[in-house]
Every structure is written in structure tokens, then in C-alpha cells.
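Here's the structure, in C-alpha cells; my notes come after.
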Amino acid sequence: MNMANSSSIHAPWRKSGPFLWTLGLSLLLCVLTFVHAAVATRAAGEELSERRNLVARLDLTDLALFTEARYTRHPSQADLHGAFQDHPLALEHFPTGSLVPAPAGSGWPAALEPSESVLREPEWPAPAAAPGATGQGERS
Amino acid sequence: MRALLRRQRYLLDYSLSSLARRPGKHLALLLVYTLIVFLLASTLLFTQSLRREAALVLAESPELIVQRLLAGRHELMPADYLHRLGRLRGVSESYGRLWGYFYDPAVKANYTLLVPRQDPPAPGDVILGTGVARARGLGVGDYLSLRSARGEPFSFKVAALLEADTELVASDLILLGPEDFRRFFAFPADRYTDIVLRVPNPSEVRKVAEKIALALPDTRPILREEILRTYDALFGWRQGVVIVLLTGALLAFVIFAFDRAAGLSAEERREIGILKAIGWETGDVLRMKFWEGAALSLTAFLAGYLLAYVHVFFFAATLFAPVLKGWAVLYPDFSPLPFVDGLQVATLFFFTVFPYTVATIVPIWRAAITDPDQVMR
Amino acid sequence: MIRLAQVSKVFNQGRHNEVRAVRDLSLELDTRGITVFKGPSGSGKTSLLAMIGCLSRPTSGRIHLEGRLISNLPERFMTAVRRDTFGFIFQRFNLIRGLTVLENVMLPAYPLAPAPSTLRDRALDLLRQFHLAERANNQAEWLSGGEAQRTAICRALINRPRILIADEPTANLDSQLSRELLALIGDLADQGKGVLISSHDPLVFDHARVSRVVELRDGRLA
Ligand SMILES: Nc1ncnc2c1ncn2[C@@H]1O[C@H](COP(=O)(O)OP(=O)(O)O)[C@@H](O)[C@H]1O
Ligand SMILES: [Mg+2]
């Protein structure tokens, strides 16, 4: 057996070194996310005020996030006690909602299903029906 | 103090070696944990951003909107209600709004048609939200043809597009003049969709709403604070569902960790015995295990949070788009602004790092307090 | 000087499977030279060494180390005495799997937290002394029996204890390796360490350098 001098052992015997470095770096990045958040939201001031101005000018009341159905488009204008307020499968304000299943088929509520016959039918959509935000009439 | 830190670092050394002993298992554990934190953090960051955005932007909504109810259902608002409302104290201005929905079978999208109060488009002209323009492939100068309520085709000239930055509130809008609106929908001339009341003094809004409820019992006033509350609750609720689900996952994970550690293998017991026999205190063993749990959960938290931040604010929460879009065709193309709630992040930190760490330490306790002479046999 | 006065160790006291491993043992031991506890399996050698080494407490009786009572200290102080005074060599080596030889050797010093470079140099010196230098970064579980036992000795020496306790150190070694081990232990005794060995291996208690043999039978001096 020959003598090995201590410099021949250079394997990283302390695993905590790289770990702590990575940890420190990640923590720094975490702090940076807050800095980034502060800077970015400040920089977005103009963009924000553009949206605010449009909301003020057009008397808008809702975000255009849920455009999939008429009755989801303006949650704030809807009757809070209407059925299927949020989504056909959503939790309801009232227990009844959990008993009525969503319509079968493609997932589109039947009244929204566009079909050839509908396109040919001149009465559709019936002008008498209120295009109100609650819009539950077609579905009940 | 130096010695104290040095000692902790030695213990950490040991914990890491101990983790590295079964790299596959611990890497898988770390991955699953990171994924859970990532999903949780993404949900938190995204909904928090939308919530703040809604609160900031919708603060400009009308203070009071009055809807008509007929037999408990939403109805069009007769124009003379404007007069019947008369002059209420505190109301600086009142006017009827014209807006409605239109389902466009051509692209299977719902539009919101709306008549601006100030400078409405000229007859025959429309101004489009960018989402509509994108869905129909239209630019300024093009013609938008829609089938009216009576079945006649209508052609509108696209006079302008709304700013791309406003998509979050205006993606599906079609702005048009009042005459066009009424003709297109066959909308009765003496009706509005609803009525807006401007009440400059916030403390008077509630009073005004009460007066309206008395004067016009067949109407429903909607307060701006209700709008804001709706959005707070809406995102809170959606966030809540996801959080509940993911917390379940987190809990299962912690139980798994606890269960695994509770059934300490003979080998692990022996290892603890060896450490104690060669001079480690019970406290050292527990601290070492603490570092093991903390190293894993801290790494998972940091990686999960950082990935979530990048995902939500640099990649516009791409993974969530399908969930939020639902069946919507007109999904606004927007990037959430990084409104980060420090308390929320701290809460997430606490709930991801603390339970797991405790779950790794507690079962060790029993093994660590036994006498070490067992390793002699 | 280690003094034992009427030391007993009873396992499962008061139950049907009660075992009196050590009974009323009184003894004085020199902390220099090599002392061997000899006796058949089950005679209480391990139990006795465990009590002397502060790994367990006597059921009754007292143990003094250099005049200081060590048999009824609270856990923390017991650990401190154990860590500072004794180095252990176990029959089954008891190295920790998955760790390198170097890490295994340094383990007993972790709670004392010496400067990392000092500790590392000390460990490497020991490894070199026991011809293990190029095994330093190998995993402990890949070592041969002799290498593992020498690693265990390095580990026992890292905190520079005054007394080495070796429980059946040759039980898992062949005769050749046993002789080498005894030579190493002899060298350590020459350097001034006290060594307490338990064994029923004639190679051990007939060894030339052994200064005293204590024979045990059924937990008593034979
Ligand atoms: N933890 C224990 N629980 C019950 N009995 C034990 C325990 N440890 C040792 N013994 C018993 O004590 C007696 C002495 O054992 P030990 O000290 O290991 O003897 P030796 O080392 O001489 O073989 C044996 O009969 C053994 O079975
Ligand atoms: Mg024994």
C-alpha cells in the first residue's frame, strides 16, 4: 500500500457546500421575484390605467374571462341565486344544484348547441327572450 | 456561535449523504413534492393576480346599476324608469345602458354588443375588441357580417379596434351605435338593458340603493362594492377548490412520509443506535432528521415556487389556460401582472415545509430516545 | 482507574423473561494496558462493557471513572463522557452504509464541530496510519472485513479517546486478520491508550501484549 497524500482526496466530501449554495441562490431568486413583482407592477401602471379608463368610459362591470356562455360572461350582473351560476358542474349555493346533472353530449348546454337547423330558422334567437345576464330561462 | 453553525452544517452533511443513499427514491419524492407546490403556487399566484387586477380595474365601474325584474326574471328596463327614479339626492347622473349578447354560430363564440355612452360609433360602424377581431380574422376597414335577430344579414364596417392592452376587460366586445343596436336586436325603442346611476359620494350609495328599492320594487340595484366582492369571492372560490384538492394531495403526501418513517426499518433503527453509540446525543439525531426533512421540503418549496412564478408571470400561466377557457372561444390574450401577496407565499411556505419536516422527525423520536447498547448485539 | 462497585444489570426486570446479565460485580481496572474480559457467550461481557462505556446504565451499583461517578448521569452528560473518553469497536463493525470511509471516520466528531479542515486532516492521518488512505472515498459497504474493522478503529480514535472498548473484535475476522488487528491494538496500547476487550477467542486472551485477563461466568467473576 502506498501512501496517498491528502491532496489526492479531492472528492467533494462536504455535500452541504453545493446544497447551501443552491439554497442561497434559490432564496436570492425568491427575493428577486418580489423585486420583479414590484418593478413590473409599477411599470404596468400605464397599461392598467388604460384598462381602468376603458372600464370607466364603457361602464364595464366584469372581466372578459368567462365568455363561454351568456350567463357566465357577467358574474357580477347575474342573479346570485340562479342555478348553474358558475358552471354546470360547479358547487351550488343550494343543494338542488348537485342533483341536476349537466346536459349529456358534447358538454354544450343544449340551448347553445349551434346546429344547421338553428341557422336556417329565422326566429332564432327569439327576440322576445331577454338577453339578460342571468339567462337561465333557456335551460330550466 | 461559530461552533453551533458548524455543528448544524455537519449534521446537514450527514442528512444529505443519507438522502443521497437512495437517490432514486428521494428524487422521485422531491419531484412529486415540487409538482404539488408548483401547482399550489401557480394557483395562488394566478388567482391573486386576477383578484388584484379585478379590484383595481373594476374600481372604475359604475357605482350603481339598476336592473328590472319581471316575475323574478331579468327584464329590459323601460325608459320612463329614468324619470320615475327622478332626482335622488346624491346621484349626479343617470342614464340607460344598451348592451346584450350575441352568439355567433360561425365561430361558436359569444360576443358582448355594447353601445358606448360617449362618442358611439357612426351608423354602420363597429369597434371590435381584439378577441373578436382575432376570432373572425378582421382588421380595420374590413366588414363584419352578422345575422340579426330578424334573420337579415347585417354588415358593419370595422372602424377601429380596441387597444390590445384592454383585452382582459374587452376581448369580446363589439361597440356600435344605438340605432344599429336597436335595429340589429329588434330592441324596443322605449327600453334599455339597465340603468346606471353615478353616485360620487361612496357613503351615499347604500342610501340611494335603499331608496330605489322602495320607489321601484320591481328592480334590483347592483352596487359597485358587490361587483368587487363578486370577483373577490369568485377567485377565492375557484382558488379554494384547487387548494382544497391540492391540500388533500399534500396531506396524503405527509401521511405517506409519516407512515414510511413510522415503520422505521431495522436498518434505520440500527443506524440511529450506531450514531448514539459513537457519541451523538438524541438531540443531534433529531436535528439531523430535521435537516433531512427540511432540506427536501425546502428544496421542493423553492423550486415549486420559482417555477410557478416563471410559469404564471413569464409564460402567462399557460397550463391553466385550458381550465379557465372552458369552452370559450374568445379567451383574452393577457399576461397576469405580478401582484404577489407576501403573506400568501409565507403561508404556502409554512404549509409545505412545516408538516413534512415534522412528519419526518416525530417517528424518529421513539427510536432516538432508546439506549444505544442495542447496537452491541 | 475504573472502579465498579456491586454492579448489576438486569434485563426485563420483574417480567417472566428476566435476565440477570451481570450480578453484583466489584472490580478495579487499570486504564492503561490491555484488559481482556474472557468468558463463554452469554456470560455478560457485552453488558459489562456497555455499562463501562456509558452506553447503558447499571440496574444497581456504581461505576467510577478516575474517581468520578459516571453510572447515573443524565443522558447528555453520559453522551459527553462517552464521546470524550471512549472509542468503540464493535463485533459487527457497525459502519454506516452509503457513507464513504472518510465520512464514517469523521462521524463521532460531528457533534463536537471542530473546524472542517482540521477534522478532515485528522481523519486522513488516521486512515493513512491504518493503510486506508486510498479507500477514503469508497463506500463503507464495499470494504473487506479487515478494512472495515480498521475503518472502525479509525472511527473509534477520531475523538482521541483515552480508552478503547472492543467487543469481540475478532469474531468476524480470520486468524491472519485477527493477528494483524491485535498487533494494531498492541501499538495503540503502547501509545498509551487503555484497551478493554471482550472475547472468547484464545488468539486474543493468549496474546503477549495483554496485561490482564478477567474471566466472567454467569455475570460474575469466575
Ligand atoms: N437487551 C437485552 N434484553 C434481554 N436480555 C439481554 C439483553 N442483552 C443481553 N441479554 C442477556 O444477557 C445475558 C448476557 O449477555 P451478554 O452481555 O451479551 O453476554 P456476552 O457478551 O458475554 O455474550 C445473555 O443471557 C443475554 O441473552
Ligand atoms: Mg457479547
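All chains are named by letter (A, B, ...) in the order of the sequence lines, taking the proteins before the strands, and each is independently numbered beginning at 1. Every heavy atom of this structure was used, including side-chain atoms; hydrogens, water molecules and symmetry mates were not.
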Who wins among B:Met288, B:Arg270, B:Arg9, B:Glu271 for the most heavy-atom pairs under 4.5 Å with chain C?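 That would be B:Arg270.
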Residue selection (most heavy-atom pairs with chain C, distance under 4.5 Å) from B:Glu267, B:Arg2, B:Arg7, B:Arg287: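 Going by pairs under 4.5 Å, I would pick B:Arg7.
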Does any heavy atom of chain B fall under 4.5 Å from the side chain of [X], the backbone, both, or neither of them?
X: C:Arg155; answer: side chain
X: C:Asn94; answer: both
X: C:Ile96; answer: side chain

Salt bridge (Lys or Arg N to Asp or Glu O under 4.0 Å): pairs with one or both residues in residues 300-321 of chain B, sequence neighbours excluded: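 Those involving residues 300-321 of chain B do not exist here.
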Within a reach of under 6.0 Å around [atom1] of [X], are more than 12 heavy atoms found that belong to other residues, nucleotides or ligands?
X: B:Phe354; atom1: CZ; result: no
X: C:Arg217; atom1: CZ; result: no
X: C:Arg62; atom1: CZ; result: no
X: C:Arg76; atom1: CZ; result: no

Of the listed residues ([options]), which shares the most heavy-atom pairs with chain B below a 4.5 Å separation?
options: C:Ala115, C:Ala156, C:Gly87; value: C:Ala115
options: C:Glu75, C:Gln91, C:Glu168; value: C:Glu75
options: C:Leu99, C:Leu95, C:Leu49; value: C:Leu99
options: C:Asp167, C:Thr46, C:Leu107; value: C:Leu107

Per-residue contacts, residues 275-285 of chain B versus chain C, heavy atoms under 4.5 Å: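 At a heavy-atom separation under 4.5 Å, chain C is reached by B:Leu275, B:Lys276, B:Ala277, B:Ile278, B:Gly279, B:Trp280, B:Glu281, B:Thr282, B:Asp284.
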Audit row: C:Leu112, B:Tyr10, side-chain contact (heavy atoms from CB on, under 4.5 Å) steps and yes/no: CA-CA 10 Å; C:Leu112 297 170; B:Tyr10 277 125; over 6 Å; no
Side chain, backbone, both or neither: which part of B:Gln8 has an atom under 4.5 Å from a heavy atom of chain C?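 For B:Gln8, there is no contact with chain C at all, as no heavy atom is under 4.5 Å.
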Give me the atom names and distance for the closest heavy-atom approach of C:Ala113 to B:Ala3.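 Of all heavy-atom pairs spanning C:Ala113 and B:Ala3, the closest is CB-O, 3.5 Å.
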Can you see which heavy atom on C:Pro114 is nearest to which on B:Arg6, and at what distance?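 Closest pair (atom of C:Pro114, atom of B:Arg6, distance): O-NE, 3.6 Å.
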